[in-house]
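Remember, it's a predicted structure, so these values are computed and weren't measured experimentally.
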Amino acid sequence: MNIEELYQRALNLEFLDIEEGVVLFEQAPLTDLMFVADELRKKQVPHGKVTWQIDRNVNTTNVCIANCKFCNFYRIPGHPDAYITDISTYRRKIEETLKYGGDQLLLQGGHHPGLGLSFYVDLFGRLKELYPKLKLHALGPPEVAHICKLEKKSHREVLIALKKAGLDSLPGAGAEILVDRVRRLISKGKCGAQEWLNIMQEAHQLNITTSATMMFGHVETIRERFEHLIKIREVQARKPAQAKGFLAFIPWTFQDVDTLLAKIRGVQNLTTPEEYIRMIAISRILLPNIKNIQASWLTVGKQVAQVCLHGGANDFGSIMIEENVVSAAGAPHRFTYKTIQEAIQEAGFEPQLRNQQYEWREIPQTIEEQVIDY
């Protein structure tokens, strides 16, 4: 297989297949991959700025019966630490988010066996009633699938009800690796790969903007990583012309501290900085129909994420005023609205605040800088 030909086909925005992705990953020099991906970034995001966001990850509940082997956050039903977030807590956290310049909650939780569709419809409606301008980037395909099973309703019925209640966009949560062999090993209690994809396809039909993710560096093979990318690309190719579909792709590395995967199976995250940069570049190359590629500074740190901006990534994600799930497995990195802009400028780019639809925002004049004390 001629690698130079693969570069040219990628630059022509052609769809490369799984085997061609594997060849590039295993044989192409990193500098070449970064160059091709950077050229594609310039084509797909010609303004040249690096976008970022201010939002807060708030958890509806920590009760979950999915039993994912990489999650330290969840508690089983009846556990003394189990909770369901109440409205007074939401109000306090939203007021603080607005003070720090945020416009959105990333609202996720677990597969709570007692929380069905009416709970989320009521919650979304109440939050929108209290804060009409607040955006809800909420749940994810596994949570939607869980609600569907509890209610014996279709994906479409549940998504329509959630959208009507105030859902603004659907995160790409729970994708992990979209191969059922892997899912049986690490997240057996979640929906299968095809159901995840089906829910996203239905969301696109309903003109609900989504994102896609990948958690890698655990039990998956290299080929399975690219199978994941191709499946996402195929769903994006089937979206209605007017729909945004997957607006962004965010690959991040498995965080292994104190997880069952590490304790019981001995699985550790051995992803090197070079491998992560390589995955960002190949994500840009294999996903020519997804405009925005986000570098996961939360899991790989500032310096690696900065290099990714020269290898295909054009987005730095959110400062995440609060984040509990990935942090519980060892992700230590933090940004404020000032330090994330400084990091982007250090990498040689102009930072641009955005919202979840990738529309540009002005930094609020009354913004306060968060104090990082955790």
Side-chain angles (χ1 to χ4, degrees), residues 10-11 13 15 33-34 36-55 57 103-104 106 135 137 140 168-173 175 200 203-204 207-216 228-252 276-300 304-320 335 340-341 343-344 347-361:
L11 289 168
L13 303 178
F15 283 5
L33 280 182
M34 290 180 68
V36 172
D38 195 47
E39 289 299 303
L40 287 170
R41 173 190 62 81
K42 292 173 186 175
K43 284 185 180 182
Q44 292 168 293
V45 194
H47 60 69
K49 297 183 180 183
V50 169
T51 45
W52 62 284
Q53 189 182 20
I54 306 172
D55 74 357
N57 297 21
D103 66 340
Q104 174 177 280
L106 199 168
K135 299 299 181 183
H137 186 50
D168 291 292
S169 52
L170 187 66
M200 285 306 200
H204 298 170
N207 206 22
I208 298 171
T209 300
T210 68
S211 56
T213 63
M214 176 171 69
M215 182 188 74
F216 68 95
H228 176 108
L229 292 180
I230 300 307
K231 287 176 178 179
I232 286 171
R233 187 178 75 193
E234 288 172 347
V235 170
Q236 182 75 344
R238 290 194 291 269
K239 74 174 182 63
Q242 79 280 2
K244 294 178 179 176
F246 293 125
L247 254 186
F249 177 69
I250 309 105
W252 53 282
Y276 185 77
I277 298 161
R278 189 172 286 269
M279 282 303 302
I280 285 282
I282 292 190
S283 297
R284 174 64 76 185
I285 289 167
L286 288 188
L287 299 173
N289 58 353
I290 298 180
K291 184 175 179 180
N292 301 291
I293 305 294
Q294 187 182 123
S296 175
W297 59 263
L298 178 67
T299 58
V300 299
V304 175
Q306 286 173 318
V307 176
C308 290
L309 297 178
H310 296 275
N314 67 290
D315 188 78
F316 234 46
S318 171
I319 66 170
M320 286 184 280
F335 275 132
I340 195 170
Q341 292 183 87
I344 292 167
F349 294 89
E350 181 183 351
Q352 176 61 58
L353 180 61
R354 63 164 174 86
N355 62 19
Q356 190 59 40
Q357 303 297 328
Y358 280 78
E359 299 162 338
W360 293 358
R361 292 181 62 205

Notebook entry, point to check: How many angstroms lie between atom CG of N292 and atom CD of Q44, to the nearest 0.5 angstrom?
Noted result: 9.0 Å
Notebook entry, point to check: About how many Å separate CZ of R233 and CG of L287, when rounded to the nearest 0.5 Å?
Noted result: 7.5 Å
Check: Ignoring hydrogens and geometry, is there a side-chain-to-backbone donor-acceptor pair from K239 to A243 under 3.5 Å?
Finding: yes
Notebook entry, point to check: Would you call D315 and W52 a side-chain contact if the rule is heavy atoms closer than 4.5 Å?
Noted result: no
Check: Mind checking what makes side chain to side chain contact (heavy atoms under 4.5 Å, CB included) contact with K49, not counting sequence neighbours?
Finding: H47, E350, Q352, W360
Notebook entry, point to check: How would you list, by chain and number, every residue that makes a ring pair (Phe, Tyr, Trp, His ring centres under 6.0 Å) with F349, sequence neighbours excluded?
Noted result: H310
Check: Are side-chain heavy atoms of I285 and L33 found at a separation under 4.5 Å?
Finding: yes
Check: Taking it one step at a time, do D103 and N355 satisfy side chain to side chain donor-acceptor pair (under 3.5 Å)?
Finding: CA-CA 7 Å; D103 66 340; N355 62 19; 5.0 Å; no
Checklist line | Minimal non-hydrogen separation, A295 against C308, with atom names | finding: CB-CB, 3.9 Å
Item checked: Test item: H204 and F246 side chains (from C-beta on) under 4.5 Å apart, heavy atoms -> yes
Checklist line | Where I280 and P251 come nearest, the two heavy atoms and their spacing | finding: CD1-CG, 3.7 Å
Next item on the list: Could you tell me whether the side chain of I293 reaches within less than 4.5 Å of the side chain of R41, counting heavy atoms only?
Entry: no
Checklist line | Given L170, I250, I290, the one that forms side-chain contact (heavy atoms from CB on, under 4.5 Å) with S211 | finding: I250
Check: Between Y276 and W252, is there a donor-acceptor pair closer than 3.5 Å when you use the side chain of the first and the backbone of the second?
Finding: no
Checklist line | side chain to side chain contact (heavy atoms under 4.5 Å, CB included) against T209, all qualifying residues, sequence neighbours excluded | finding: S169, K244, L247, Q357
Notebook entry, point to check: Only one of H137, Q356, R361 forms a side-chain hydrogen bond (donor to acceptor under 3.5 Å, both in side chains) with Q53, so which one is it?
Noted result: Q356
Next item on the list: Determine whether F316 and I340 make a side-chain contact, defined as any pair of heavy atoms from C-beta on separated by less than 4.5 Å.
Entry: yes
Check: If you measure from the Lys or Arg side-chain nitrogens to the Asp or Glu carboxylate oxygens, is any gap between E234 and K231 under 4.0 Å?
Finding: no
Check: Looking at side-chain heavy atoms only, is the closest gap between L40 and P288 below 4.5 Å?
Finding: no
Next item on the list: For residues I232 and F249, report the shortest heavy-atom separation together with the two atoms involved.
Entry: CD1-CE1, 3.9 Å
Margin query: As a test of understanding, state which of L353, I344, N314 forms a side-chain contact (heavy atoms from CB on, under 4.5 Å) with T51.
Written below: N314
Note to self: So which atom in R354 and which in G317 form the shortest heavy-atom distance, rounded to 0.1 Å?
What the structure shows: NH2-CA, 4.0 Å
Note to self: Within the 4.5 Å heavy-atom criterion, are D55 and S318 side-chain neighbours or not?
What the structure shows: yes
Margin query: Checking the side chain of R284 only, and the main-chain atoms of K291 only, is there a donor and an acceptor separated by less than 3.5 Å?
Written below: yes
Notebook entry, point to check: Is it true that a side-chain atom of D38 and a backbone atom of G312 form a donor plus acceptor pair closer than 3.5 Å?
Noted result: no
Margin query: Side chains of P171 and T210, heavy atoms from C-beta outward: is any pair under 4.5 Å?
Written below: no
Check: Do F216 and H228 have ring centres separated by under 6.0 Å?
Finding: no
Check: Under the side chain to side chain contact (heavy atoms under 4.5 Å, CB included) criterion, do L286 and F15 qualify, and how do the steps go?
Finding: CA-CA 6 Å; L286 288 188; F15 283 5; over 6 Å; no
